[in-house]
Amino acid sequence: MLTKIAAACCALPAVPALASTPTPQTAPAAPAAVPGADAAKQDPIVCERVTEIGSRLRAKKICMTKSEWAEQRRGDRSNIERSQVQRGLDPVG
C-alpha cells in the first residue's frame with residue numbers, strides 16, 4: 001500500500017512549481033496609489049468615549065468613520081422603534 005501512495009505522489013505533475021514561474025507575457029505591476037487616501041478625506045474617523053453599562057467609571061474608546069457612526073445610530077434607532085411597536089408603544093401615534 002505504501003508503494004502505491006509513493007507511486008501516486010511521483011506521478012502527480014509539479015503544478016505549484018509551474019504556476020509560480022513568471023511568464024514573459026506579464027508586465028511588472030505599476031505602483032498603486034494609496035487606496036484609502038481620498039476616502040479618508042471624505043469620511044474622517046471619529047473616536048467617541050462610550051461608558052460601559054452598569055459602571056460609572058469604565059468607558060471604552062470606539063473609533064469609526066463618520067458614515068459608520070451614522071449607520072450605527074440609524075440601526076439603534078430602528079431597533080428602538082421596532083421594540084416599541086412590538087410592545088404597543090407606537091412612537092408615531
Which pairs count as side-chain hydrogen bond (donor to acceptor under 3.5 Å, both in side chains) when at least one residue sits in residues 61-71, sequence neighbours excluded? Asp43-Thr65, Asp43-Ser67, Thr65-Ser67, Thr65-Glu68, Glu71-Arg74
Name each donor-acceptor pair under 3.5 Å that joins a side chain in residues 44-52 to protein atoms two or more places apart or in another chain, with its distance.
unit_1: Glu48; atom_1: OE1; unit_2: Arg73; atom_2: NH2; d: 3.3
unit_1: Glu48; atom_1: OE2; unit_2: Arg73; atom_2: NH2; d: 2.9

Do the side chains of Ile62 and Met64 get nearer than 4.5 Å, heavy atoms only? yes
